[in-house]
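Following: one structure in structure tokens, then a few remarks.
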Number of protein chains: 2
Amino acid sequence: MTTKPKPRAAPPELSREAVVAAALAWVDAHGLEPFSVRALAKSIGVFPAAIYWYVPSRELLLAEVVAEVLRGFVPEWDGVDWRAYVTALLHNFRAAVRRHPNVAPLIGTQLVSNTSIDFALAERNLAAMAVAGFSGEALVGAHNTLMAALAGFTTQEFAPVPQNAQAWQQAMRRRVAAITAADYPALAANLPSMTNRAFVLRWENGVAAPLDDSFAMFIRVVIAGLEALAPGG
Amino acid sequence: MTTKPKPRAAPPELSREAVVAAALAWVDAHGLEPFSVRALAKSIGVFPAAIYWYVPSRELLLAEVVAEVLRGFVPEWDGVDWRAYVTALLHNFRAAVRRHPNVAPLIGTQLVSNTSIDFALAERNLAAMAVAGFSGEALVGAHNTLMAALAGFTTQEFAPVPQNAQAWQQAMRRRVAAITAADYPALAANLPSMTNRAFVLRWENGVAAPLDDSFAMFIRVVIAGLEALAPGG
DNA sequence: ACCTGAACACCGTTCAAGT
DNA sequence: ACCTGAACACCGTTCAAGT
């Protein structure tokens with residue numbers, strides 16, 4: 001695994017931010033699954049226990065990594081155009097995950113518990129949905145709908161392909177190519193436009209095969225649905 | 001951890017299905033994070049290496065567990081009522097996860113790579129969306145939209161609360177209670193209906209605090225949005 | 001065919017000890 | 001205050017050996 005001669009990067013000059021940044025860089029470079037505190041320590045040039053001076057556990061370290069990836073993604077709310085807000089919200093989130101796709105598996109989970117900027121997210125969601133015409137219980141539902149929309153598309157689009165990419169991709173290609181009209185008539189009729197471009201029928205994730213058009217349509221569905229349900233029109 | 005006298009359950013009588021079932025039972029009982037092949041082996045009354053006779057790796061074992069949880073959730077497609085299909089699809093998925101909430105963190109990821117019944121899911125999605133009026137590229141987008149809707153709400157609703165439930169819940173309660181109109185006007189104005197009932201503002205997940213009303217509204221948004229975008233009306 | 005028993009190369013985390 | 005060095009109690013997985 002380690003091929004470099006280990007330059008022992010100058011004086012460590014550690015800090016909590018530096019540890020989080022190094023962890024994110026490590027995951028970007030090598031993936032989430034093989035990440036370990038020990039491997040991170042080695043990449044920094046320090047003993048494993050040194051990490052624990054700045055961070056209480058592996059789990060909280062990764063929570064900070066997620067917070068770093070998502071920092072600043074919530075768009076400004078201008079008090080007027082809720083459609084522009086929703087569009088920017090979903091686009092910014094996707095752009096953030098796209099910059100660091102290896103952390104995608106953590107994000108669905110961590111959205112629940114990240115305690116940093118999240119109140120600002122809820123605040124702007126409510127403000128925007130209130131302008132859209134929602135109030136009371138429906139306002140809660142509109143906020144939860146936005147949160148579901150946030151996570152639903154992007155986390156699946158960038159979900160990692162199985163470990164043994166080689167064999168799995170081959171098998172998936174074959175299975176898709178072997179679809180027949182007898183077994184799956186609708187699939188067979190739409191195979192060219194679906195192959196490697198639809199959830200369930202693809203062997204690459206959003207890094208190699210982004211689903212830009214589907215994502216744009218997804219946003220339009222969410223906005224049109226909210227328009228239809230908003231009491232004030 | 002182990003308090004029981006270890007009854008050494010009769011003759012093992014192992015099989016692939018039995019191993020998967022035992023793994024699911026273990027995760028249901030003790031959670032996903034502390035799950036290990038060794039702990040599973042102990043609960044079955046067998047040496048760890050015995051597991052590997054039936055299953056190639058921990059990762060594939062967990063993929064089978066997910067498949068077991070989701071088995072049969074795709075509703076029948078009657079060829080007519082696409083709104084009933086979408087409603088049943090989302091409800092069935094949520095019901096399945098609700099029965100085994102501890103596996104929720106795996107599902108967003110595994111939806112991509114589970115190779116079992118998934119083609120049937122895509123087939124019925126396409127058939128239903130075709131009846132809704134979509135075709136060509138928009139049909140792909142409609143299918144991807146359904147998949148995003150599937151995962152978005154439920155996986156967040158049942159995402160596990162942090163390990164140290166005690167301290168985290170306390171801290172979350174306090175932070176929510178401390179919200180002021182000066183910092184978060186919209187939140188402050190809607191605090192009673194949002195507290196512990198909205199993503200980002202809750203300290204219990206869907207097991208203790210299900211979001212039935214919001215989920216119903218989410219489904220209506222998705223269906224209304226698809227109606228609005230469908231060419232044929 | 002199916003499982004044991006032992007081993008290998010790892011983990012996260014704690015803690016006394018150094019500076 | 002910050003890091004070393006060693007240790008503890010685990011992991012997933014492999015493999016020869018038994019039956």
Side-chain angles (χ1 to χ4, degrees), chain A residues 1-3 6-24 26-27 30-66 105-106 109-110 160 162-164 167, chain B residues 1-3 6-24 26-27 30-66 105-106 109-110 160 162-164 167:
Chain A
M1 280 296 170
T2 49
T3 51
K6 205 186 201 181
R8 178 52 82 144
E13 191 57 55
L14 235 39
S15 70
R16 189 176 175 108
E17 297 75 34
V19 167
V20 172
L24 176 54
W26 200 101
V27 171
H30 307 103
L32 184 66
E33 207 193 292
F35 173 80
S36 72
V37 175
R38 296 178 107 107
L40 171 64
K42 182 175 281 185
S43 81
I44 299 179
V46 91
F47 275 62
I51 304 291
Y52 288 87
W53 184 259
Y54 299 98
V55 134
S57 69
R58 181 195 136 105
E59 188 177 11
L60 286 237
L61 169 56
L62 289 178
E64 297 252 23
V65 167
V66 170
L106 292 175
T109 306
Q110 298 284 3
Q163 68 303 353
N164 51 352
Chain B
M1 282 294 170
T2 51
T3 51
K6 204 186 203 183
R8 180 50 83 143
E13 192 57 56
L14 235 38
S15 71
R16 188 175 175 105
E17 296 76 35
V19 168
V20 172
L24 176 54
W26 201 100
V27 171
H30 306 103
L32 185 66
E33 207 194 291
F35 173 80
S36 72
V37 175
R38 297 177 106 108
L40 171 63
K42 181 174 281 185
S43 81
I44 299 179
V46 91
F47 274 63
I51 303 292
Y52 289 86
W53 183 259
Y54 300 98
V55 133
S57 69
R58 181 196 136 105
E59 188 177 10
L60 286 237
L61 170 55
L62 288 178
E64 296 253 22
V65 167
V66 170
L106 292 175
T109 306
Q110 298 283 1
Q163 68 302 354
N164 50 351

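Throughout, protein chains are lettered first and strands after them, A, B, ... in sequence-line order, and every chain is numbered starting at 1.
One atom, CZ of Arg38(B), and another, C1' of dG5(C), lie 11 Å apart when rounded to the nearest Å. For the pair Glu33(A) CD and dT13(D) C1', the interatomic distance rounds to 14 Å; values are reported in whole Å. A straight line from CH2 of Trp53(A) to P of dG18(C) spans 17 Å, rounded to a whole angstrom. Atom CG of Leu62(A) is separated from atom C1' of dG12(C) by 12 Å (rounded to the nearest Å). Look at CH2 on Trp26(A): it is 13 Å from C1' on dC11(C), rounded to the nearest Å. For Ile44(A) and dC3(D), the CD1 to C1' distance is 13 Å, given to the nearest whole Å. Between Leu14(A) atom CG and dA1(D) atom P the separation is 16 Å, expressed in whole Å.
The residue among Ala39(A) and Ala49(A) whose nearest nucleotide of DNA chain C lies closer to the 5′ end is Ala39(A).
When each of dA7(C), dT14(C), dC2(C) is scored by its nearest atom to the side-chain atoms of Tyr54(B), the top-ranked nucleotide is dC2(C). Distance from the side chain of Pro48(B) is smallest for dT13(D) among the nucleotides dG5(C), dT13(D), dT4(D). Proximity note for Ala50(B) (side chain, C-beta onward) versus dC3(C), dT4(D), dA7(D): the nearest is dC3(C). For Tyr52(A), whose side chain is taken as the heavy atoms from C-beta onward, the closest listed nucleotide among dC11(C), dT14(C), dA1(C) is dT14(C). Here the side chain of Ser57(B) is nearest to one of dT13(C), dT13(D), dT4(C), namely dT13(D).
If you check every strand for non-hydrogen atoms under 4.0 Å, Arg58(B) touches sugar and phosphate atoms only.
Nucleotide dA6(D) is matched to dT14(C) when pairs are restricted to Watson-Crick or G-U wobble geometry with both distances under 3.5 angstrom.
Side chains of Phe35(A) and Leu62(A) form a contact here, defined as non-hydrogen atoms less than 4.5 Å apart.
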